[in-house]
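Everything numeric in this text was worked out from a predicted model, so none of it was measured. Just so it is clear: chains get the letters A, B, ... in the order the sequence lines come, proteins before strands, and each one is counted from 1.
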Protein chains: 2
Amino acid sequence: MSRSAPTKPRLSREAVLDEAMAVLDERGLDGLTMRNLGDRLQVVPMALYRHVRNKDDLLDGVLDRAVSLVPLPAPDLDWRDGLAALARSVRATMLEHPAVVAPVVQRPSLGPSAIALGEYGFSVMRGAGFSDTDSERGLNVVLTYTLGFVALEVPRHHAGPGTDIADLDVAYDGLPIELYPHTAAVRPSAAGFVSEEQFDFGLECILDGIGQLPHGRRRRARATKRA
Amino acid sequence: MSRSAPTKPRLSREAVLDEAMAVLDERGLDGLTMRNLGDRLQVVPMALYRHVRNKDDLLDGVLDRAVSLVPLPAPDLDWRDGLAALARSVRATMLEHPAVVAPVVQRPSLGPSAIALGEYGFSVMRGAGFSDTDSERGLNVVLTYTLGFVALEVPRHHAGPGTDIADLDVAYDGLPIELYPHTAAVRPSAAGFVSEEQFDFGLECILDGIGQLPHGRRRRARATKRA
DNA sequence: ACCTGAACACCGTTCAAGT
DNA sequence: ACCTGAACACCGTTCAAGT
């Protein structure tokens, strides 16, 4: 009887994706290899190909899992609060799983979790009276900004050896002031470039812009319909 | 006499980076390997290491070249026109060299060309009377949005085999309408997600938001200073 | 100073077997 | 149906030589 065998759990797609997510968190995108993943599941690399078409398919699966971890805000929020909460929610989740950001941005795939996330955005915007076109565009701007911000932020947070974030500031320090007077005056900091304040600042800009689009339910007054 | 030898041009860092840029354009990021690059320069891969510290250094060099290709708008533009032109300029250049977008977003390095680009942005904003802090934040938002947009756009434009952009729309077509009523109503299109119109829409939102920050030289009238 | 050649420790994936 | 083992065609990079 195989008494000492600790119940080899019979591989499944679920198990493979679970472990892949763990590898991504622990060792980053480069650490996720079929061989490495096989080792951790105590299986030869080729065994994974029974549950996953290839590495791209593996990535798509684990990325959809990551997106599914984004908590959706309350459905009854105002459009502005709802979009802001959604954006902050996306950013927070991505910062918890930094290794997924690059592939999420790069791969064109669109899993069910991403669609559910979009549904929330469409819902609060259409509920506030934005047109379908403006709802699509508005949500796209917020999500584009959010993903773009995080994509730039992540590699600057835990910058690897040799690319410490301080090195970025050094690049500014040695500037020939006569060539770049404005940059020298502003003294931009690499840290500020990726701060929460910076994120909120941009988010508010965008929400302000969206707020200027025609929207709102027709209430009692049709005031200012025309001059 | 080496009559038939076509003037072997004696490798240099310049020559290596030139060829690397060409490889990037022709065969993409995955196509840029030390071995491949060596072949095209008729040299053994290890010869490159005399002119480049390692592959990361090669990438940093070629990325700074790409950024140097971004044409800066006229210096006397209004802050709004200047930032808009800068953003469109960045996007246009990136779309001409799509393979550089991913590494530009991912790597925290900041070459001299990037600093010159920032200097332009700081200049038009400070010239328009924005505070140093707002100038930094405003420029950061514009550039973050622009890079993020392009980073999402590029892999969706020339999507590889199997990830044709049409497949994205297919993902929408099969939606259970009762689960995603708003998405079904809006019928978002993958093409619209990455169009020039969508880019300009977001850009205008952001510029509107920035425009609400205190700025402007004190002109004659201090009109509407308070109610 | 600049380039070469062989080697090392990795990749993803195919293909033919095993049970 | 599920897993294995060997092999193929790649990577970046080190190290000892060549000229």
Side-chain angles (χ1 to χ4, degrees), chain A residues 1-2 5-21 23-24 26-63 99 102-103 106-107 109 160-163, chain B residues 1-2 4-21 23-24 26-63 99 102-103 106-107 109 155 160-163:
Chain A
M1 307 108 188
S2 60
T7 63
K8 328 179 179 181
R10 274 300 246 96
L11 231 44
S12 69
R13 184 170 227 265
E14 289 285 301
V16 170
L17 294 184
D18 276 349
E19 196 67 30
M21 186 80 207
V23 176
L24 228 36
E26 289 171 30
R27 331 220 328 196
L29 188 56
D30 290 343
L32 179 59
T33 70
M34 302 304 275
R35 297 170 129 95
N36 188 331
L37 184 56
D39 279 357
R40 294 185 43 144
L41 291 166
Q42 307 196 46
V43 108
V44 90
M46 281 311 299
L48 304 171
Y49 285 76
R50 192 67 40 176
H51 307 94
V52 135
R53 191 150 27 223
N54 49 31
K55 198 179 177 183
D56 274 8
D57 184 41
L58 172 74
L59 264 179
D60 281 341
V62 71
L63 294 187
Q106 244 100 23
R107 327 201 93 243
S109 79
T163 57
Chain B
M1 309 107 185
S2 60
S4 61
T7 63
K8 327 177 178 178
R10 273 302 245 92
L11 230 46
S12 69
R13 184 169 226 266
E14 290 284 301
V16 170
L17 294 184
D18 276 349
E19 195 68 30
M21 186 81 207
V23 175
L24 228 37
E26 290 171 29
R27 329 219 331 197
L29 188 57
D30 290 343
L32 180 60
T33 72
M34 303 303 275
R35 298 171 128 94
N36 188 333
L37 185 55
D39 279 355
R40 295 186 40 145
L41 291 166
Q42 308 195 47
V43 109
V44 88
M46 281 312 299
L48 304 171
Y49 284 77
R50 193 66 40 175
H51 307 93
V52 136
R53 192 150 27 226
N54 49 31
K55 197 180 178 182
D56 274 8
D57 184 41
L58 173 75
L59 263 179
D60 281 340
V62 70
L63 295 186
Q106 245 100 24
R107 327 200 96 241
S109 79
T163 58

Close side-chain approach of A:Leu48 and A:Leu58, heavy atoms under 4.5 Å: no

Do the side chains of B:Leu11 and B:Glu19 get nearer than 4.5 Å, heavy atoms only? no

My understanding is that only residues two or more places apart in sequence, or in another chain, count here; which of them pass side chain to side chain donor-acceptor pair (under 3.5 Å) with B:Asn54? none

Dot-bracket for DNA chain D, 5' to 3', counting Watson-Crick or G-U wobble pairs under 3.5 Å, with [ ] for crossing pairs and | for inter-strand pairs? ||.|||||...|||||.||

As an exercise, state the distance from CG of A:Leu41 to OG of A:Ser12, rounded to the nearest 0.5 Å. 9.5 Å

Considering residues at least two apart in sequence or located in another chain, which fulfil the salt bridge (Lys or Arg N to Asp or Glu O under 4.0 Å) criterion with A:Asp39? none

Calculate the interatomic distance between [X] atom [atom1] and [N] atom [atom2]; express it in whole Å.
{"X": "A:Asp39", "N": "C:dC10", "atom1": "CG", "atom2": "P", "answer": "11 Å"}
{"X": "B:Gln42", "N": "C:dT4", "atom1": "CD", "atom2": "C1'", "answer": "15 Å"}
{"X": "B:Leu41", "N": "C:dC2", "atom1": "CG", "atom2": "P", "answer": "16 Å"}

Give a yes or no answer on whether the side chain of A:His51 reaches the backbone of A:Val16 with a donor-acceptor pair at less than 3.5 Å. no

Taking distance alone, no hydrogens or angles, what donor-acceptor pairs closer than 3.5 Å link side-chain atoms of residues 26-37 of chain A to residues at least two apart or in another chain?
| residue | atom | partner | partner atom | Å |
| --- | --- | --- | --- | --- |
| A:Glu26 | OE1 | A:Arg40 | NH1 | 2.9 |
| A:Thr33 | OG1 | A:Asn36 | N | 3.0 |
| A:Asn36 | ND2 | A:Gly31 | O | 2.9 |

Can you tell me if A:His51 touches the phosphate of D:dC2, counting only side-chain N or O atoms and a distance under 4.0 Å to OP1 or OP2? no

Can you list everything that forms a side chain to side chain contact (heavy atoms under 4.5 Å, CB included) with A:Ala102? Sequence neighbours excluded, please. A:Gln106, B:Gln106

Walk along nucleotides 12-19 of chain C from 5' to 3' and tag each nucleotide B, S or - by protein heavy-atom contact under 4.0 Å, base first, then sugar-phosphate. BBBB----

